[in-house]
Peer 1: 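This is the structure I have questions about; it appears just below.
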Amino acid sequence: MDCNGYRQENHEQNLFPKPKVLVLEPPPVFIYHEDKLSQKFHFLKAWDSPLPLDQFLTTHAHSVQAILSHGSCPVTTNTIRLLPSLGLIVTTSAGLDQIDLQECRRRGVSVAYAGSLFSADVADIAVGLLIDALRNISAGNRYVTQGLWANNGDFSLGSKLGGRKVGIVGLGSIGLEVGKRLEPFGCNILYCSRNKKSSVSYPYYSTVCELATNCEVLIICCELNDQTRHVINKEVLLALGKKGLIINVGRGAIIDEQEMVRCLMQGEIAGAGLDVFENEPHVPSELISLDNVVLSPHRAVHTEETLMALVELVIGNLEAFFSNKPLLSPVLLDE
Amino acid sequence: MKSIGVLMTCPMHKYLEQQLETHFNLFKLWHCNSSITEFLKTHQGNTIRAVVGDTNIGADAELIASLPNLEIVASYSVGLDKIDLRKCEEKGIRVANTPDVLTDDVADLAIGLILGVLRRICASDVYVRIGKWKDADFGLATKFSGKSVGIVGLGRIGTAIAKRAEAFGCSISYFSRSQKPFANYKFYSDIIDLATSCQILIVACALTDETRHIINREVIDALGPKGILINIGRGAHVDETELVSALLEGRLGGAGLDVYENEPEVPEELLGLGNVVLQPHVGSDTVETSDAMADLVISNLKAHFSNKPLLTPVI
């Protein structure tokens, strides 16, 4: 860029300064694409400041209209109250349990999220974990790479996926994508959800326990809230049974993790594929010792393509807000 | 039928072995310490009227020639590359295999391998097990949904794979000996064109003289550094040396393999690669399917020896 161009840009910046956006902790999209985001917005980085959070917020209170947040970064009542000019929270997650939505509703703060951007990726991982757990793909890969095939002979047999009854817990955007993918595998799809969905023909069960009694695979696709915390408990796991598998791509706390570990160790269920845990990044050591479990470090949406699409969505939502246009993926707070 | 001699070529499935022992006079080739000819002389070889082989040891010309009363080869597999079909035809020997019962399992494994490689499920499982998640996030993978899938051989297994991939929003194209009139997928008469056009190339055809090393350097280069190769066919479909060098040099993005040129040997260079998923030839290895295949072998043998039509004849 020549001198004239630089002066021009600087001049324009002074006339049209980049909107300020507060970031409490950096979301993955920030770590990978900060450059692209910083072209459009000036980020106030709370985690980078020596000031304690409350002080940081009070210092910048007058200029903060928007927050960029992510799934494991709480946006508390306190934070919202310290920012009188706050008009928008953009979260890079599909989940909303980390944001005080009631306070947002009260204050008229809009919230934008990832919507159904992640649904395909999460559904893909759910199916991938299921096939892996049934067919021992990760375990078989270890068998070969550790040289055991040549020395010890044939690997153990897996279990067939076709014909299995698969129970989806939560038939939202992700649950529907999971069902759609599993149909050509010959699975019979059943589900449990807050409400029966009239547009699907899958058999509906009103409780998770009834669903577990009637299926051999449970796939957790619901959000974490007061009703779903530890909804997968001892009763449900025992109902799932000794040939049953559990796949979790929701949130760790939907399952009573200690109970699940106990059931796996005692053979009360046959196996599991887990992308989420109650206390990430901690994974119970008993699970590490098991071959019939597939462990994934909460990365159901960590693909290059989706992260790029997420950057575009975040930029789109922030730009819409700052130019008084409708948000691209607003959360309906009136529900 | 208890007097009918059946030769099992190698241990393949305990349940099958038990069933053969129950219904026939079973000879186990792997108990033979001497040459086959000696074995047959001392073990009433002339009573052997059937051979049960698999993907490891089938019925080659030598074995067929040493069994003068051989009437049927019932393969515990759908692949026929280990059977000398021409010799069987010459001598009027029936051949049966186990199609259909294993189609789903093999297709499921193909999708499992794709997800294992693209979404790095196996690599991230290792990451968690060795405690690295506490230090840092794993990193990004590649999306599967919506990608372009190319299938080499649109038979039963290839079609089953296509149906599954379609549910992920993938576009499907294929290379085959001839275009399939009822397949709604794009046909390529040149495998290089197929490899150029797709990101995920899956080998699902039978192994014949024409398809040996059908995946060669040219095809691998056409698939490219963002492409991945999935082999659930036979090891000999792929020029393994070229595959290894392409992966080491980054000319190929990744591979998911269930079969190898010289099983159970796997090229050492592949063992440490994070973009490769290796399976010990388990395509149809589920409890349910192994039993179903065994039942089919037994049913074909019983049908033959009762002068009834074979259930799944090849010749």
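Order of the sequence lines sets the chain letters (A, B, ...), proteins ahead of strands, with each chain counted from 1.
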Peer 1: Over all heavy atoms of both residues, which pair between B:Gln279 and A:Gly140 is shortest? Give the atoms and the distance, please.
Peer 2: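 Closest approach of B:Gln279 to A:Gly140: NE2-C, 3.8 Å.
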
Peer 1: Tell me, yes or no, whether the heavy-atom count around A:Asn151 atom CG, taken from other residues, nucleotides or ligands under 6.0 Å, exceeds 12.
Peer 2: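 Atom CG in A:Asn151 is packed in, count exceeds 12.
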
Peer 1: Which answer fits B:Val266, side chain, backbone, both or neither, if we ask what part of it has an atom under 4.5 Å from a heavy atom of chain A?
Peer 2: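 Side chain of B:Val266 only, per the 4.5 Å heavy-atom cut-off to chain A.
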
Peer 1: Top residue by heavy-atom pair count (under 4.5 Å) with chain B, among A:Lys180, A:Arg181, A:His298?
Peer 2: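 Most heavy-atom pairs under 4.5 Å with chain B: A:Arg181.
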
Peer 1: Looking at A:His302, A:Gln146, A:Arg135, A:Glu177, which has the largest count of heavy-atom pairs under 4.5 Å with chain B?
Peer 2: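 Looking at each option in turn, the highest pair count goes to A:Arg135.
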
Peer 1: Considering only heavy atoms and a distance below 4.5 Å, find which of B:Pro11, B:Gly283, B:Gly116 pairs most often with chain A.
Peer 2: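 The candidate making the most pairs under 4.5 Å is B:Gly283.
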
Peer 1: What part of B:Ser290 gets within 4.5 angstrom of chain A, counting heavy atoms only: side chain, backbone, both, or neither?
Peer 2: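 The answer is the side chain of B:Ser290.
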
Peer 1: When you look at A:Arg142 and B:Asp125, which way does the side chain to side chain contact (heavy atoms under 4.5 Å, CB included) test go after all the steps?
Peer 2: CA-CA 10 Å; A:Arg142 288 195 293 279; B:Asp125 176 89; 2.9 Å; yes

Peer 1: Any donor and acceptor pair, going by atom type alone, linking the side chain of B:Glu288 with main-chain N or O of A:Ser159 inside 3.5 Å?
Peer 2: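 Looks like no, no N/O pair under 3.5 Å.
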
Peer 1: Evaluate whether atom CD of A:Glu25 has more than 12 neighbouring non-hydrogen atoms of other residues, nucleotides or ligands under 6.0 angstrom away.
Peer 2: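 Result for CD/A:Glu25: enclosed.
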
Peer 1: Could you look at A:Val294 and say if it's the side chain, the backbone, both or neither that has a heavy atom under 4.5 Å from chain B?
Peer 2: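 Both backbone and side chain of A:Val294 come within 4.5 Å of chain B.
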
Peer 1: Measuring heavy-atom distances to chain B, does A:Val301 have an atom under 4.5 Å in its side chain, in its backbone, in both, or in neither?
Peer 2: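 Backbone only.
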
Peer 1: Could A:Glu280 and B:Lys134 be called an ion pair, given the rule that one side-chain N must be under 4.0 Å from one carboxylate O?
Peer 2: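 The answer is no: the pair does not qualify as a salt bridge.
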
Peer 1: Heavy-atom distance under 4.5 Å to chain A: side chain of B:Phe144, backbone, both or neither?
Peer 2: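 Contact with chain A is through both the backbone and side chain of B:Phe144.
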
Peer 1: So which atom in B:Asp105 and which in A:Lys160 form the shortest heavy-atom distance, rounded to 0.1 Å?
Peer 2: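 Answer, listing the atom of B:Asp105 first, then A:Lys160: OD1-CG, 3.2 Å.
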
Peer 1: To check you understand the geometry: which heavy-atom pair defines the closest contact between A:Leu157 and B:His13, and what is its length?
Peer 2: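 Looks like CD1-CE1, 4.2 Å.
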
Peer 1: So A:Asp154 and B:Asp285, side chain to side chain contact (heavy atoms under 4.5 Å, CB included) or not? Walk me through it.
Peer 2: CA-CA 10 Å; A:Asp154 281 349; B:Asp285 283 1; 5.6 Å; no

Peer 1: Keeping B:Arg164 on the side-chain end and A:Glu183 on the backbone end, is there a donor-acceptor pair under 3.5 Å?
Peer 2: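 Between the backbone of A:Glu183 and the side chain of B:Arg164 there is no qualifying donor-acceptor contact (under 3.5 Å).
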
Peer 1: Please report the shortest heavy-atom distance between A:Val144 and B:Leu271, naming the atom on each side.
Peer 2: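 Looks like O-CD2, 4.0 Å.
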
Peer 1: Look at atom NZ of B:Lys163 and say whether more than 12 heavy atoms of other residues, nucleotides or ligands are closer to it than 6.0 Å.
Peer 2: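 No, the 6.0 Å shell around NZ holds no more than 12 heavy atoms from other groups.
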
Peer 1: What's the separation between atom CZ in A:Phe185 and atom CG in B:Asp108, rounded to the nearest 0.5 Å?
Peer 2: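 These two atoms lie 5.5 Å from each other.
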
Peer 1: Heavy atoms, side chains only, cut-off 4.5 Å: are A:Leu295 and B:Trp133 in contact?
Peer 2: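 Side chain of A:Leu295 against side chain of B:Trp133, heavy atoms only: no contact under 4.5 Å found.
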
Peer 1: At a heavy-atom separation under 4.5 Å, does A:Leu287 approach chain B through its side chain, its backbone, both, or neither?
Peer 2: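 It is the backbone, since no side chain atom gets that close.
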
Peer 1: If only atom types and distance count, is the side chain of A:Glu304 paired as donor or acceptor with the main-chain N or O of B:Thr142 below 3.5 Å?
Peer 2: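 No; judged by distance alone, with no hydrogens or angles, the pair does not exist.
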
Peer 1: Which answer fits A:Leu290, side chain, backbone, both or neither, if we ask what part of it has an atom under 4.5 Å from a heavy atom of chain B?
Peer 2: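 Contact with chain B: backbone only.
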
Peer 1: CG of A:Leu161 to OG1 of B:Thr286: how many Å apart, nearest 0.5 Å?
Peer 2: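 Those atoms lie 10.0 Å apart.
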
Peer 1: Do you know which of B:Leu113, B:Ile114, B:Ile121 has the most heavy-atom pairs with chain A at a distance under 4.5 angstrom?
Peer 2: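 Heavy-atom pair counts peak at B:Ile121.
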
Peer 1: Under a 3.5 Å cutoff, is there a donor and acceptor pairing between the side chains of A:Ser296 and B:Arg119?
Peer 2: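 There is no such pair (donor and acceptor under 3.5 Å, judged by atom type) between the side chains of A:Ser296 and B:Arg119.
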
Peer 1: So which residue, A:Pro297, A:Ala300, A:Ser289, ends up with the most heavy-atom pairs under 4.5 Å with chain B?
Peer 2: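 Of the candidates given, the most pairs with chain B belong to A:Pro297.
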
Peer 1: Can you tell me how far apart CH2 (A:Trp149) and CD (B:Glu263) are? Round to the nearest 0.5 Å.
Peer 2: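 Reported to 0.5 Å precision, the distance equals 4.0 Å.
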
Peer 1: Examine whether an atom of A:Tyr143 lies under 4.5 Å from a heavy atom of chain B, and if so say whether it belongs to the side chain, the backbone or both; otherwise answer neither.
Peer 2: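 Contact with chain B is through the side chain of A:Tyr143 alone.
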
Peer 1: Name the option with the most non-hydrogen atom pairs under 4.5 Å to chain B; the candidates are A:Thr145, A:Asn136, A:Asn141, A:Ile131.
Peer 2: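 Heavy-atom pairs under 4.5 Å are most numerous for A:Asn141.
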
Peer 1: Can you list the steps and then say if B:Leu115 with A:Asp124 is a side chain to side chain contact (heavy atoms under 4.5 Å, CB included)?
Peer 2: CA-CA 8 Å; B:Leu115 287 163; A:Asp124 288 358; 4.1 Å; yes

Peer 1: Hey, does B:Leu109 have a side-chain heavy atom less than 4.5 Å from the side chain of A:Ile137?
Peer 2: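 Yes. Closest side-chain heavy atoms under 4.5 Å.
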
Peer 1: Counting only heavy atoms closer than 4.5 Å, note whether B:Leu270 contacts chain A via side chain, backbone, both or neither.
Peer 2: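 Neither part, no heavy atoms under 4.5 Å.
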
Peer 1: Begin from the C-alpha positions of B:Cys122 and A:Asp132 and carry the test side chain to side chain contact (heavy atoms under 4.5 Å, CB included) through to its verdict.
Peer 2: CA-CA 9 Å; B:Cys122 302; A:Asp132 193 322; 4.2 Å; yes

